[in-house]
Amino acid sequence: EREKIKKYIEKQILIIYGTDIIRKELRNIPRKKIEASGSEFKNLRMALLSLYDLFIGKHQYKTTEDMLNLGDKYYNVYKALSGIASKEEIVNDLRIVACASLRNLDIVVSGDKKTMLSEPAIAAYKSVNALEKLRLPKFMGFEEFKNLLRGVEFD
């Protein structure tokens with residue numbers, strides 16, 4: 001699947017965007033954390049950073065003041081809707097969604113149901129984006145995204 005995605009990216013059929021926020025989160029994975037891959041062991045941090053760089057290439061957005069402000073608006077509504085995560089726990093998720101909304105991106109892929117994809121967070125994004133006249137990206141889990149890519153064939 002990695003090769004298929006790489007081919008889509010090379011042909012510009014699929015453009016995956018990232019943010020400096022995501023890259024920093026990957027860099028914060030402990031250096032000694034490893035994952036088993038078949039019979040070999042890989043440094044998880046290096047494997048994920050390498051994969052991220054391969055997929056993102058030069059399509060990485062830097063954090064802007066607009067992203068920070070929109071993320072704060074999301075947080076205020078999230079807390080008013082009884083969201084339980086602290087600002088420190090959820091702020092990066094909110095800023096990632098802010099980036100996608102401000103850049104009019106189609107999809108945000110995440111498996112984080114406790115913060116980014118929680119009901120209060122989704123309600124906050126919808127509410128704030130409606131007020132700000134921003135289109136909300138579609139939220140998709142990793143498996144759903146992989147299945148979407150599996151079903152698409154290009155020459």
Side-chain angles (χ1 to χ4, degrees), residues 1-2 4-6 8-9 13-31 33-35 42-152:
E1 296 199 27
R2 183 181 193 167
K4 187 176 186 180
I5 294 171
K6 188 175 172 184
Y8 290 170
I9 291 169
I13 293 166
L14 173 68
I15 300 173
I16 300 176
Y17 290 89
T19 70
D20 55 353
I21 297 165
I22 297 168
R23 192 158 207 302
K24 285 176 191 170
E25 284 189 340
L26 293 174
R27 288 189 59 78
N28 285 337
I29 294 171
R31 288 181 189 263
K33 193 163 192 169
I34 56 173
E35 72 169 330
K42 293 182 180 177
N43 177 306
L44 181 61
R45 177 178 178 260
M46 292 307 297
L48 289 174
L49 280 167
S50 174
L51 192 61
Y52 177 84
D53 290 340
L54 173 72
F55 288 164
I56 301 307
K58 296 181 190 234
H59 298 108
Q60 179 167 282
Y61 291 118
K62 292 187 190 269
T63 303
T64 65
E65 197 65 36
D66 287 343
M67 286 169 51
L68 299 176
N69 292 334
L70 188 58
D72 286 343
K73 289 177 184 179
Y74 289 152
Y75 183 73
N76 292 336
V77 173
Y78 168 81
K79 285 312 267 186
L81 294 171
S82 303
I84 59 170
S86 69
K87 189 168 186 178
E88 183 178 282
E89 291 174 294
I90 197 169
V91 70
N92 285 340
D93 295 343
L94 302 176
R95 290 173 180 170
I96 290 165
V97 175
C99 177
S101 295
L102 290 166
R103 299 296 185 164
N104 202 29
L105 300 181
D106 296 318
I107 301 170
V108 171
V109 178
S110 175
D112 187 351
K113 292 184 176 160
K114 286 187 176 182
T115 54
M116 182 185 280
L117 303 179
S118 68
E119 284 185 36
I122 298 288
Y125 308 143
K126 287 179 180 176
S127 175
V128 172
N129 280 21
L131 289 171
E132 298 290 327
K133 298 186 179 8
L134 294 169
R135 182 173 66 93
L136 187 65
K138 177 178 169 119
F139 295 96
M140 192 176 287
F142 295 111
E143 285 303 313
E144 185 181 359
F145 183 65
K146 282 175 23 181
N147 289 336
L148 175 73
L149 293 180
R150 276 188 198 115
V152 179

List the steps and the verdict of side-chain hydrogen bond (donor to acceptor under 3.5 Å, both in side chains) for Glu25 and Tyr52. CA-CA 11 Å; Glu25 284 189 340; Tyr52 177 84; over 6 Å; no
Would you say Asp20's side chain and Lys62's backbone share a donor-acceptor pair under 3.5 angstrom? no
Do Glu144 and Val109 have side chains that get closer than 4.5 Å, going by heavy atoms? no
Are the side chains of Arg135 and Asp106 in touch, meaning some heavy atoms are under 4.5 Å apart? yes
Look up atom CG in Leu81 and atom OG in Ser118, then write down how far apart they are to the nearest 0.5 Å. 9.5 Å
Restricting to non-hydrogen atoms, name the atom on Ile29 and the atom on Arg45 that form the minimum distance, rounded to 0.1 Å. O-CD, 2.9 Å
Go through the steps for Leu134 and Leu70 under the test side-chain contact (heavy atoms from CB on, under 4.5 Å), then give the verdict. CA-CA 11 Å; Leu134 294 169; Leu70 188 58; 3.7 Å; yes
Could you tell me if the ring centre of Phe139 sits under 6.0 Å from that of Tyr125? yes
Rounded distance [0.5 Å steps], CG in Leu51 versus CG in Leu26: 9.5 Å
Quick one: does any side-chain atom of Arg95 pair with a main-chain N or O of Gly71 as donor and acceptor, under 3.5 Å? no
Side chain to side chain, Glu132 and Lys73, heavy atoms closer than 4.5 Å: yes
Quick one: does any side-chain atom of Tyr78 pair with a main-chain N or O of Ala85 as donor and acceptor, under 3.5 Å? yes
From SG (Cys99) to CG (Leu68), nearest 0.5 Å: 11.0 Å
Is it the case that the side chain of Lys113 and the backbone of Leu117 share a donor-acceptor pair, with hydrogens and angles ignored and the cut-off at 3.5 Å? no
Given the options Thr115, Ile84, Asp112, Ile90 meets side chain to side chain contact (heavy atoms under 4.5 Å, CB included) only with Thr115
Walk me through whether Asn92 and Met116 qualify under side-chain contact (heavy atoms from CB on, under 4.5 Å). CA-CA 9 Å; Asn92 285 340; Met116 182 185 280; over 6 Å; no
Show your working on salt bridge (charged side-chain N to carboxylate O under 4.0 Å, His left out) between Glu89 and Lys114 and close with a plain yes or no. CA-CA 10 Å; Glu89 291 174 294; Lys114 286 187 176 182; over 6 Å; no
Please evaluate residues Tyr74 and Ser101 with respect to the criterion side-chain hydrogen bond (donor to acceptor under 3.5 Å, both in side chains), reporting the C-alpha separation (whole Å), side-chain torsions for both, the decisive distance (0.1 Å), and the verdict. CA-CA 12 Å; Tyr74 289 152; Ser101 295; 3.2 Å; yes
Let me confirm one number: the CG-CG distance from Leu54 to Leu49, rounded to the nearest 0.5 Å. 12.5 Å
Spacing of OH belonging to Tyr17 relative to NE2 belonging to His59, to within rounding of 0.5 Å: 5.0 Å
Kindly give the heavy-atom pair with the smallest separation between Ala124 and Val77, and that separation in Å. CA-CG1, 3.6 Å
Whether over 12 other heavy atoms sit under 6.0 Å from Arg27 CZ: no
Pair Met67-Arg103, side-chain contact (heavy atoms from CB on, under 4.5 Å): steps then yes or no: CA-CA 10 Å; Met67 286 169 51; Arg103 299 296 185 164; 5.7 Å; no
Indicate yes or no: at least one non-hydrogen side-chain atom of Ile96 is less than 4.5 angstrom from one of Ile22. yes
Please walk me through it: do Tyr61 and Leu105 pass side-chain contact (heavy atoms from CB on, under 4.5 Å)? CA-CA 12 Å; Tyr61 291 118; Leu105 300 181; 4.2 Å; yes
Greater than 12 external heavy atoms within 6.0 Å of Ile15's CD1: yes
Go through the steps to decide whether Asp53 and Ser50 satisfy the test side-chain hydrogen bond (donor to acceptor under 3.5 Å, both in side chains), and finish with yes or no. CA-CA 5 Å; Asp53 290 340; Ser50 174; over 6 Å; no
Distance, nearest 0.5 Å, that separates CD1 of Ile56 from CD1 of Ile16: 6.0 Å
